[in-house]
Amino acid sequence: MKETPLSNCERRFLLRAIEEKKRLDGRQTYDYRNIKISFGTDYGCCIVELGKTRVLGQVSCELVSPKLNRATEGILFFNLELSQMAAPAFEPGRQSDLLVKLNRLLERCLRNSKCIDTESLCVVAGEKVWQIRVDLHLLNHDGNIIDAASIAAIVALCHFRRPDVSVQGDEVTLYTLEERDPVPLSIHHMPICVSFAFFQQGTYLLVDPSEREERVMDGLLVIAMNKHREICTIQSSGGIMLLKDQVLRCSKIAGVKVVEITELIQKALENDQKVRKEGGKFGFAESMANQRITAFKMEKAPIDTSDVEEKAEEIISEAEPPSEVVSKPVLWTPGTAQIGEGIENSWGHLEDSEKEDEDEGGSDEAIILDGMKMDTGVEVSNIGSQDAPIVLSDSEEEEMIILEPDKNPKKIRTQTISATQVKAPSKKPVKKRKKKRAAN
């Protein structure tokens with residue numbers, strides 16, 4: 001197991017926090033992290049979460065031949081696996097010293113404490129016994145693996161049901177779950193491990209150390225105990241010298257924690273058994289919270305709709321009457337328009353206004369041309385004698401070919417008068433016309 005060492009700054013920070021009786025997750029010195037137990041659809045499958053440390057427990061069984069020296073006792077086998085999925089520091093394909101130590105501690109805690117009646121696992125003495133195998137998989141590592149593993153192992157054993165069997169002569173009949181109800185294991189007590197971390201040669205003590213606290217601790221004391229305050233096993237590691245008073249103090253703390261954890265396990269087992277009997281939904285999928293907004297939605301509440309009409313009439317009667325004239329929210333200004341969702345299109349109105357301006361401009365030009373003809377009658381008549389039409393266009397000059405009967409086509413260069421050229425000199429003739437009318 002290759003761990004990334006902590007820097008000196010991180011180590012000093014953690015030790016300083018422990019001296020001030022502060023922990024990174026906000027817990028007190030003797031507080032445990034939150035424990036969550038969830039069961040799978042099959043018997044003997046569970047997941048235990050100790051803070052962010054997660055352990056999956058699975059129990060299986062098979063009929064095997066007993067050991068020669070214990071012909072009337074069943075076999076218990078425990079196996080803990082540490083994979084890189086839990087932490088990148090774990091090396092795959094080989095058993096580390098930590099894994100060997102944890103497996104031995106589990107066997108002493110559960111098998112050597114005689115928590116399970118192994119004689120009840122015997123089917124035919126000397127021939128057939130049940131072998132119970134407990135597989136534990138570490139899913140996520142955040143410190144205190146042994147406590148989470150011991151809780152997962154005992155919970156899985158309590159939840160497990162083995163198939164029923166019958167013996168008639170030399171024949172052993174194994175019944176399926178549909179034919180007969182499965183049989184639970186005979187469990188005498190529930191041994192649970194409680195870990196204590198010591199810092200600065202036993203000066204400071206913490207319960208349930210996290211992964212970062214384990215890196216800076218000087219020693220570890222593990223006490224396995226049941227709710228009857230019977231010590232099943234005890235192990236000290238780290239090479240520190242502990243006083244008798246320190247060990248007694250830890251045993252008293254462990255007795256309190258074990259009672260609390262045992263009650264939590266029993267409640268979880270009772271709830272699962274109740275749900276299965278009632279035919280409700282159970283399993284890992286039901287126990288996991290949905291990581292969505294709908295996971296926090298409120299439950300449906302009954303609403304009384306008997307007096308809805310009366311309340312609606314009261315609200316309408318008390319409200320002010322609506323105004324007769326509805327004001328328009330949009331103020332139209334010349335040269336602007338708005339197109340969008342919920343607003344009326346006004347481009348058509350602008351086009352109509354442009355057309356009206358053009359019509360007004362054309363009528364003004366016609367009035368000006370009439371005035372010019374009246375003032376300069378001689379010039380216009382001379383141009384008319386040559387049959388030369390007057391064309392209004394934007395260009396200054398243009399060539400036109402006029403086809404007339406019995407005459408050769410002639411090229412006539414006509415002089416066009418633009419609107420700007422016509423409007424400029426038109427002001428004076430109009431004034432003269434007014435003066436003449438006044439004289440008359």
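Distance SG/C158 to CG/L185: 8.5 Å, rounded to 0.5 Å. Here the CG atom belonging to L139 is positioned 11.0 Å from the CG atom belonging to L82, to the nearest 0.5 angstrom. The structure places CG of D208 at 7.5 Å from OG of S195, a figure rounded to the nearest 0.5 Å. Taken to the nearest 0.5 Å, the CD atom of E62 stands 14.5 Å off from the CZ atom of R162. We find the CD-CG distance between Q28 and L206 to be 11.0 Å, quoted to the nearest 0.5 Å. Atom SG of C61 and atom CG of L76 lie 11.5 Å apart (nearest 0.5 Å).
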request  = Just do the salt bridge (Lys or Arg N to Asp or Glu O under 4.0 Å) check on R23 and E213 with the steps written out, would you?
outcome  = CA-CA 9 Å; R23 306 181 74 170; E213 292 169 347; 2.9 Å; yes
*Yes or no on side chain to side chain contact (heavy atoms under 4.5 Å, CB included) for L106 and S150, after CA distance, side-chain angles and deciding distance?*
CA-CA 7 Å; L106 280 174; S150 65; 4.2 Å; yes
(message) Show, in sequence, the C-alpha distance, side-chain angles and deciding distance for I265 and L269, and conclude whether the side chain to side chain contact (heavy atoms under 4.5 Å, CB included) test is met.
(response) CA-CA 6 Å; I265 293 173; L269 292 170; 4.0 Å; yes
For this session: Decide yes or no on salt bridge (Lys or Arg N to Asp or Glu O under 4.0 Å) for K274 and E270, but give the supporting numbers first.
Result: CA-CA 6 Å; K274 181 179 179 181; E270 291 175 0; over 6 Å; no
In sequence, state the C-alpha distance, the side-chain angles, and the governing distance for V123 and W130, and then conclude on side chain to side chain contact (heavy atoms under 4.5 Å, CB included).
CA-CA 7 Å; V123 179; W130 285 108; 3.6 Å; yes
Practice item. For the pair L157 and I187, evaluate side chain to side chain contact (heavy atoms under 4.5 Å, CB included) and give the outcome as yes or no after the intermediate values. Key: CA-CA 8 Å; L157 288 170; I187 297 177; 4.3 Å; yes
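Counting only heavy atoms from C-beta outward, the side chains of D147 and I261 never approach each other to under 4.5 Å. Inter-residue side-chain proximity for D135 and L56 is flagged as unmet; no heavy-atom pair is nearer than 4.5 Å. In this structure, V222 and I234 have side chains that are not in contact, with every pair of non-hydrogen atoms separated by 4.5 Å or more. At least one side-chain heavy atom of I47 sits less than 4.5 Å from a side-chain heavy atom of R54. Annotation: side chain of I146 is in contact with side chain of L102 (closest heavy-atom distance under 4.5 Å). A 4.5 Å side-chain heavy-atom check between R161 and P184 finds at least one atom pair inside the cut-off. By the 4.5 Å heavy-atom criterion applied to side chains, V216 and F199 are counted as neighbours. Side-chain contact between L110 and V134: absent, with no pair of heavy atoms (C-beta onward) separated by less than 4.5 Å.
For the salt bridge (charged side-chain N to carboxylate O under 4.0 Å, His left out) condition, the pairs that include at least one residue of residues 108-128, sequence neighbours left out, are E107-R111. Within the structure, the ring pair (Phe, Tyr, Trp, His ring centres under 6.0 Å) test picks out the following pairs touching residues 143-182 (sequence neighbours left out): F39-H159, Y43-H159.
In this structure, the side chain of H189 engages the main chain of S113 through a donor-acceptor pair within 3.5 Å. T53 places a side-chain N or O within 3.5 Å of a backbone atom of G143 that can act as its donor or acceptor partner. The closest donor-acceptor contact from the side chain of D218 to the backbone of Q201 lies under 3.5 Å. N103 contributes a side-chain N or O that, together with a main-chain N or O of L99, makes up a donor-acceptor pair within less than 3.5 Å. Within the 3.5 Å criterion, the main-chain N or O of L174 finds no donor-acceptor partner in the side chain of R180. Remark: side-chain polar atoms of Q235 are not paired, donor with acceptor, to backbone N or O of L105 under 3.5 angstrom.
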Ignoring hydrogens and angles, write down the donor-acceptor pairs under 3.5 Å from the side chains of residues 13-20, residues two or more places apart or on other chains.
from, atom 1, to, atom 2, distance (Å)
R16, NE, E20, OE2, 3.1
E19, OE2, Q200, NE2, 2.6

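The environment of R27 atom CZ is dense: over 12 non-hydrogen atoms of other residues, nucleotides or ligands sit within 6.0 angstrom. Annotation for E179: atom CD counts as buried by contact number, over 12 foreign heavy atoms lying within 6.0 Å. Counting non-hydrogen atoms of neighbouring residues, nucleotides and ligands closer than 6.0 angstrom, the CD atom of Q84 exceeds 12 such neighbours. Heavy atoms from other residues, nucleotides or ligands lying under 6.0 Å from CZ of R104 number 12 at most. When the shell of 6.0 Å around CG of L68 is examined, it contains 12 or fewer heavy atoms from other residues, nucleotides or ligands.
For the pair L63 and V172, the tightest heavy-atom approach, listed with the atom from each and the gap, is CD1-CG1, 4.5 Å. Counting all heavy atoms, side chain and backbone alike, V167 lies closest to G169 at CG1-O, 3.7 Å. Nearest heavy atom pair, residue A87 against residue H141, reads CB-CB, 4.0 Å. In this structure, I75 and S65 approach most closely via the heavy-atom pair CD1-O, 4.1 Å. The heavy-atom pair separating V48 from A152 by the smallest distance is CG2-CA, 3.5 Å. Heavy-atom minimum distance, V129 versus A71: CG1-O, 4.1 Å.
Screening N144, D142, N34 for a side-chain contact (heavy atoms from CB on, under 4.5 Å) with L50, the sole residue that qualifies is N144. Across C250, S236, P209, a single residue satisfies side-chain contact (heavy atoms from CB on, under 4.5 Å) together with F198, and that is C250.
Remark: A254 pairs with V194, F196, I223, M225 by the side chain to side chain contact (heavy atoms under 4.5 Å, CB included) rule, at least two apart or across chains. In this structure, the side chain to side chain contact (heavy atoms under 4.5 Å, CB included) partners of K227, at least two apart in sequence or on a different chain, are V259, T262, Q266. Applying the side chain to side chain contact (heavy atoms under 4.5 Å, CB included) rule to S237 yields the partners K101, L220; only residues at least two apart in sequence or on another chain are considered.
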